[in-house]
Amino acid sequence: MWGLLRQKVGAGSSSALSMQRIRPVVSALRNYSSAAKEMTVREALNSALDEEMSADPKVFLMGEEVGEYQGAYKISKGLLDKYGPERVLDTPITEAGFTGIGVGAAYYGLKPVIEFMTFNFSMQAIDHIINSAAKSNYMSAGQISVPIVFRGPNGAAAGVGAQHSQCYAAWYASCPGLKVLAPYSSEDSRGLLKAAIRDPDPVVFLENELLYGESFSVSAEALDSSFCLPIGKAKIEREGKDVTITAFSKMVGYALKAAEILEKEGISAEVINLRSIRPLDRSTINASVRKTNRLVTVEEGFPQHGVGAEICASVVEDSFGYLDAPVERITGADVPMPYAANLERMAVPQVEDIVRAAKRACYRAVPVAATA
Amino acid sequence: MSSSVVKLLITKEEGLEVFEDMYLGRAFEDMCAQMYYRGKMFGFVHLYNGQEAVSTGFIKFLKKEDCVVSTYRDHVHALSKGVPARAVMSELFGKTTGCCRGQGGSMHMFSKEHNLIGGFAFIGEGVPVATGAAFSAKYRREVLKEADADDVTLAFFGDGTCNNGQFFECLNMAALWKLPIVFVVENNLWAIGMSHLRATSDPEIWKKGPAFGMPGVHVDGMDVLKVREVAKEAISRARRGEGPTLVECETYRFRGHSLADPDELRDPAEKARYAARDPITALKKYLLENKLASEQELKAIEKKVDELVEDAVEFADASPHPARSQLLENVFADPKGFGIGPDGRYRCEDPKFTEGTAQV
Ligand SMILES: Cc1ncc(C[n+]2csc(CCOP(=O)(O)OP(=O)(O)O)c2C)c(N)n1
Ligand SMILES: [Mg+2]
């Protein structure tokens, strides 16, 4: 992490003027270095974008409604006013077009942040994400790197039906040449988005609409404009010794809730917030499993060939002898998202599902109905 | 009758039918807003208020076999195409009696019986599917030798969609292959908060028709009588096998983009200007001034429609929620190998997510 921090200071000097503008704020914070602050995920993302745009004039934001509307989910609030329409670009509704344009600009060293109103719409741009962005460094034998960020809300939303409610983590994480990040908290959001923008490679940055309004306490260190999290490192959100639960994005919150319930029943769960889906922090996951000997993976995406499947494979490869119970995957149901509220609830993982699976892994009795 | 003196644009029967359909669209959507705020429907609900002249003006010329492809703003297209208000309302309530058993929702209305084939929530994606529906009619006539296969497809979509590549790709193929389709652009001047003028290099969408070798027509989409005139010709042309038409209907939505949109960017003066051109008020005026209908007749229609919409709500409210077993149904036409037990039934009780089943 500190390596990345240093790197940032170097990059920041390219825009001395704007750095001056944010410096006073930073030093004021430093004086109160013990003071943590409550911050929503929305504010965290907004401040990360703001600081990176301020630090590097090559960073620009492009997408539908990012400017005058202030972002469909208000993530870019205030940025148009601050940076103007040349750096905060409202595009027509043409994902294939503007994503490709972003990629071309990145070939020439600009650092585009492409906002998808939701990640569902990235499907219309997937050719450019995978073909033009992810493969170019390789195809050109390292001549052309693509420092671009694709970001927006991902995963199950509420009541919006099959086309608007889907997790793309496994889709993009299976593709060489892409880095895939999925923040949970405000600290994750700040640190990972900054890392993504500074990274020289294409990064798919999966946010979650239902988390935008959630508040988390953020340390003074994480509020510093130089703050940055390493790509490829998971975070142990909660230590435990009986069972490991991996999760990312919104499911981290669910896993933490499940861990609280399990604790009351005498099961100590370790919760790993993956943060980075690709590269995947295999060593943190395996070290945890070697300690707890049990694993439950949680994700909202579809079961087949999912993130959980990859984690399972990694644990089977590296820590097979340590497993005391079959690995259990909690995922979204293997169906397009239904609209009806009661069906929708069944289609996405619930805290109870995680609790039940963890208990099964620990050979505790589970309600009969569940196995009828 | 008096029509021998003044040339009327519509007969009494047609006039009443058109009025009823437009009023139904309006009353239904107003009711949706109420139900949304009461928590009876959820997610993104996009209402059609203000644009009724387009749906009614076009769809009422269609036969049942003709096809309609819509967007996420699809409730009223469904109603105009004849999907019962009960089935649409129940769908919005997420109930089994909905036209898609509660599985599709507001943005995904389908009714095979009525040849309404979506309900596409992504910008542009409905356009090629509609073009494919038109292709199938031509194929049936020419390859399968079904002489009476003269069905026409209407593709409805917005101004914002006309900047998406799929639109251009389909104009080309539809003209190239002379497909029986009408591309109906509902230019309401805005795509959420993006003004049409800020999004497009040449705001006159109709001009893109001739560029691809098909007629392009601009029509006042707030005047159902004018829309009908254009619609009639474009649909007949498609039916005659003469190929596609691009119609740009200038219209306006009277509400926000969806019920979640704060709608802060549209100028109140602009809104007022279009509100003054309310297509339902305009039609009413025409019918009354030309003695095609009396106040009482129109009132009676309004009352009938209001009752119909009330009934739809009561019906939807009283209808059952989907059973838990429904979660896994309909993923495939042939679900062998996917969550089906040896007895051919869905294994909804099985606790494993990973075998294509779910803890339900
Ligand atoms: C591919 C894609 N990108 C973005 C969106 C988000 N979106 C939903 S509606 C809309 C605006 C569409 O405007 P327009 O085509 O004019 O139709 P209107 O809503 O005005 O009827 C946008 C951008 C989407 N649904 N699909
Ligand atoms: Mg529009």
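Just so it is clear: chains get the letters A, B, ... in the order the sequence lines come, proteins before strands, and each one is counted from 1. Here the structure is a predicted model, which is why all the values come from computation and not from measurement.
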B:Phe120 versus chain A, the contacting section by heavy-atom distance below 4.5 Å: both
How close do A:Ala340 and B:Gly94 get, heavy atom to heavy atom, and via which atoms? CB-O, 3.4 Å
Please tell me whether A:His164 and B:Phe44 form a close aromatic pair, meaning their ring centres lie under 6.0 Å apart. yes
Chain A contact via B:Arg198 - side chain, backbone, both or neither, heavy atoms under 4.5 Å: side chain
With chain A as the partner, which of B:Gly165, B:Gly104, B:Ser195, B:Gly98 has the greatest number of non-hydrogen pairs under 4.5 Å? B:Gly104
Under 4.5 Å from any heavy atom of chain B - which part of A:Met123: side chain
Does the side chain of A:Tyr69 come within less than 4.5 Å of B:Asp261's, by heavy atoms? yes
Is the CZ atom of A:Phe320 crowded by more than 12 outside heavy atoms at less than 6.0 Å? no
To the nearest 0.5 Å, tell me how far B:Met41 CE sits from A:Tyr339 OH. 6.5 Å
I'd like to verify something: which residue of A:Gly159, A:Gly97, A:Ser165 has the highest number of heavy-atom pairs under 4.5 Å with chain B? A:Gly159
Check each atom of A:Asp90 against the heavy atoms of chain B and say whether the ones under 4.5 Å are side chain, backbone, both or neither. both
Within 6.0 angstrom of A:Lys74 NZ, more than 12 heavy atoms from elsewhere: yes
From B:Gln326 CD over to A:Leu343 CG, what is the distance, rounded to the nearest 0.5 angstrom? 5.5 Å
Would you call B:Phe122 and A:Gln124 a side-chain contact if the rule is heavy atoms closer than 4.5 Å? yes
Heaviest contributor of heavy-atom pairs below 4.5 Å to chain A, chosen from B:His108, B:Gln103, B:Lys95, is B:His108
Donor-acceptor pair, side chain of A:Asn342 and main chain of B:Arg324, under 3.5 angstrom: no
Rounded distance (nearest 0.5 Å) linking atom CD of A:Glu64 with atom CG of B:Asn163: 10.0 Å
A:Met117 versus B:Ile192: any side-chain heavy-atom pair under 4.5 Å? yes
Pick one of side chain, backbone, both or neither for B:Leu265, based on which atoms fall under 4.5 Å of a heavy atom in chain A. side chain
Under 4.5 Å from a heavy atom of chain B, the part of A:Glu65 involved: side chain
Considering only heavy atoms and a distance below 4.5 Å, find which of B:Met107, B:His321, B:His196 pairs most often with chain A. B:Met107
Side chains of A:Asp334 and B:Val331, heavy atoms from C-beta outward: is any pair under 4.5 Å? no
Proximal component of B:Ala323, with respect to chain A [non-hydrogen, under 4.5 Å]: backbone
In terms of heavy-atom contacts, B:Gly43 and A:Val160 come closest through CA-CG1, 3.8 Å
Turns out that what part of A:Ala96 lies under 4.5 Å from chain B's heavy atoms comes down to neither
